[in-house]
Enquirer: 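Have a look at the structure that comes next, please.
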Amino acid sequence: MAKRFAHARRGALAAAAITAVCVVLLVGLLIYDATSGRNAAVRSTTAMATVVTAKVWGPAGEQTAQDVLDRITALDEDCLSAYADTSDVYRINHAAGNPVKVNSYTYNLLVELLDIVRQTNGAFDPTIGALTALWDIGGPDERIPDDGEITAALGAVGWDKLHLADGNVQICKGQLLDLGAVGKGAACDAVHTVLEEDEARSAVISVGGSLLLYGENPEGDDWSVGVRDPRGGSNDRLGTLSIGADLCVSTSGDYERFFEQDGVRYCHILDPATGRPADSGLISVTIISPSGLLSDALSTACFVLGYERSLPVLGLFEGTQALFVTADRTVYVTPGLEGRFTLTADGYTMGAE
Ligand code: ADP
Ligand code: MG
């Protein structure tokens, strides 16, 4: 009994010693953090139906990270969500046929999006909602619709049926807005003001498949961004991109949401020209741009357009670079990314331009 007691006491002492060492280490880390500011504050939440993570270096790190998450949550609830009845998109969709007064943010965003629709020759189209609802890829009702259903849904797709005037937005009956292709990138842009106000030095904000690299990498080098292997698991990398300050990176791929039937993969990015899942020979596209909105919209548009047809479109957007992965596992990069991508996955080759 006494022996057991002594044994337990020794255990308790050892535990106390370990705890003391941990506390010293922790305090040391906190002091290091406060003085050098090298360590980042990291906070995560779920918003926009995805995981949002804010990693911030700066004088008010924890608070800034929380402010970033709050800003993105508010943006979703007030403006972009298709499901929250408080949001502009929800109200527009539920008042089809009638004008809806929206936040100036939403109005200006839609004005910008219509430009991108034109510049991408309609490959990106935020009025695609009736089609995405019909296919419901990744949802409980996913299925291959028949030709008649696709033709009917296509009749409700088209930016020319979306009316913007004096802060009001009106879609036609049967039409549905779907900002799923741009919300995450738009969120990356919206947090710039938060980071500036809080005087953050650097930050990495990740919103699903979109990433903002704010400021310089505190380690001194360029930012290193892993690109997912489109045919690997969620942690498998195709390779690594080396990226400068104040850029956004978005990836669209056919692995995010899809189903397979009779050996054919049906993915969640639809071609507004055919009403069917994009079939352009690409399996993933990554876009790097100073604008989160553009990186997100163009990753979806280029996925629809395919490699060859994307190049002239990308030429319209200064400072925008792209990495394409084709179904035959060739990786192409635009000239600004030459020497900035290291391919590490087996089974892929770099293509000559
Ligand atoms: P993810 O949302 O998986 O990161 P994307 O940014 O490419 O990928 O967005 C895909 C989403 O955009 C789809 O789930 C759908 O809601 C919507 N969408 C699909 N095709 C188009 C398209 N051609 N234009 C605009 N939005 C689209
Ligand atoms: Mg996108």
Side-chain angles (χ1 to χ4, degrees), residues 47-52 76 80-83 89 93 109-110 112-139 141-142 150 153-154 156-159 162 175-189 206-212 227-228 230 234 248-259 266-280 282-289 291-306 309-310 313-314 317 320 322-325:
M48 299 191 160
T50 190
V51 179
V52 180
D76 196 27
L80 304 180
S81 171
Y83 307 105
V89 167
N93 282 346
L109 177 71
L110 287 171
E112 260 185 271
L113 291 184
L114 291 192
D115 276 342
I116 302 175
V117 174
R118 291 187 195 96
Q119 287 160 313
T120 61
N121 305 314
F124 163 77
D125 192 333
T127 68
I128 200 161
L131 262 180
T132 45
L134 175 67
W135 285 86
D136 194 36
I137 291 172
D141 299 323
E142 64 183 12
I150 292 174
L154 269 175
V157 177
W159 56 273
L162 168 70
Q175 194 167 41
L176 282 175
L177 284 185
D178 177 349
L179 301 193
V182 286
K184 302 176 192 93
C188 290
D189 294 335
S206 104
V207 191
S210 291
L211 196 66
L212 164 65
V227 178
R228 178 166 159 183
S234 56
C248 288
V249 186
S250 296
T251 299
S252 290
D254 70 355
Y255 51 84
E256 276 298 339
R257 273 187 283 138
F258 67 94
F259 67 90
Y266 297 87
C267 82
H268 70 314
I269 300 171
L270 305 177
D271 184 345
T274 62
R276 294 165 191 282
D279 185 18
S280 66
L282 294 176
I283 56 176
S284 124
V285 182
T286 298
I287 304 283
I288 295 129
S289 163
S291 154
L293 183 68
L294 278 180
S295 71
D296 205 359
L298 292 177
S299 68
T300 308
C302 291
F303 190 89
V304 171
L305 289 168
R309 287 166 67 212
S310 289
V313 170
L314 289 170
F317 301 93
T320 296
L323 179 148
F324 303 88
V325 189

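By convention here, the first residue in the shown sequence is residue 1. When a ligand or atom number is given, it counts from 1 through the structure's own listing order.
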Enquirer: Tell me the angle that OG1 of T300 and OD1 of D296 form around the Mg ion (ligand 2), rounded to 10°.
Expert: 170°

Enquirer: Below 4.0 angstrom from a heavy atom of D296, which ligand 1 atoms are there? Numbered from 1 as shown, please.
Expert: 6 (O)

Enquirer: Side chains of I150 and L154: closer than 4.5 Å at any heavy-atom pair?
Expert: yes

Enquirer: Could you tell me which non-hydrogen atom of S284 sits nearest to which non-hydrogen atom of T251, and how far apart they are?
Expert: OG-CG2, 4.1 Å

Enquirer: Can you check whether F317 reaches I287 side chain to side chain, under 4.5 Å on heavy atoms?
Expert: no

Enquirer: Show me which atoms of ligand 1 lie under 4.0 Å from any heavy atom of S252.
Expert: 5 (P), 6 (O), 7 (O)

Enquirer: Tell me which protein heavy atom sits closest to atom 25 (C) of ligand 1, plus the residue, atom name and distance to 0.1 Å.
Expert: D125 O, 3.3 Å

Enquirer: Which atoms of ligand 1 have any heavy atom of K184 under 4.0 Å away?
Expert: 1 (P), 2 (O), 4 (O)

Enquirer: Spell out, as yes or no, whether a donor-acceptor pair under 3.5 Å connects the side chain of W135 to the backbone of G275.
Expert: yes

Enquirer: Tell me which protein heavy atom sits closest to atom 8 (O) of ligand 1, plus the residue, atom name and distance to 0.1 Å.
Expert: H268 NE2, 3.5 Å

Enquirer: Is there a donor in the side chain of S295 and an acceptor in the side chain of S289, or the other way round, less than 3.5 Å apart?
Expert: no

Enquirer: Who passes side-chain hydrogen bond (donor to acceptor under 3.5 Å, both in side chains) against R257, sequence neighbours left out?
Expert: none

Enquirer: What are the atoms of ligand 1, with element, lying closer than 4.0 Å to any heavy atom of A123?
Expert: 22 (C), 23 (N), 24 (N)

Enquirer: Return the closest protein heavy atom for atom 27 (C) of ligand 1 as residue, atom name and distance.
Expert: I128 CG2, 3.8 Å

Enquirer: Would you say D178 has any N or O atom under 3.5 Å from an N or O of ligand 1, going by distance alone?
Expert: yes

Enquirer: Less than 3.5 Å between some nitrogen or oxygen of D271 and one of ligand 1, yes or no?
Expert: no

Enquirer: Answer yes or no: is there a side-chain heavy-atom contact under 4.5 Å between L80 and L109?
Expert: yes

Enquirer: Would one find an N, O or S atom of G185, in either backbone or side chain, under 2.8 Å from the Mg ion (ligand 2)?
Expert: no

Enquirer: Please report the interatomic distance OG1(T127) to CG(L179), rounded to the nearest 0.5 Å.
Expert: 10.5 Å

Enquirer: Of the protein's non-hydrogen atoms, which lies at the shortest distance from atom 20 (N) of ligand 1, and what is that distance?
Expert: L270 N, 3.0 Å

Enquirer: Any idea which atoms of ligand 1 are less than 4.0 Å away from a heavy-atom of E256?
Expert: 3 (O)

Enquirer: For the Mg ion (ligand 2), does an N/O/S atom of S252 lie at less than 2.8 Å?
Expert: no

Enquirer: Keeping E112 on the side-chain end and L294 on the backbone end, is there a donor-acceptor pair under 3.5 Å?
Expert: no

Enquirer: With heavy-atom distances below 4.0 Å as the criterion, list the atoms of ligand 1 near R257.
Expert: 14 (O)

Enquirer: As an exercise, identify every atom of ligand 1 less than 4.0 angstrom from a heavy atom of F124.
Expert: 24 (N), 25 (C)

Enquirer: Looking only at distances, please establish whether an N/O atom of ligand 1 is found under 3.5 Å from an N/O atom of A181.
Expert: yes

Enquirer: Is a side-chain N or O of S280 found less than 3.5 angstrom from the main chain of F303, in a donor-acceptor match?
Expert: yes

Enquirer: Any idea which heavy atoms bring D271 and A273 closest together, and the distance?
Expert: OD1-N, 2.8 Å

Enquirer: Among all protein non-hydrogen atoms, which one is nearest to atom 5 (P) of ligand 1, and what is the separation to 0.1 Å?
Expert: T300 OG1, 3.4 Å

Enquirer: Which ligand 1 atoms, with their elements, are less than 4.0 angstrom from a heavy-atom of P272?
Expert: 23 (N)

Enquirer: Measure up the F259 and Y266 rings against each other and bin them: parallel (under 30°), tilted (30 to 60°), perpendicular (over 60°).
Expert: parallel

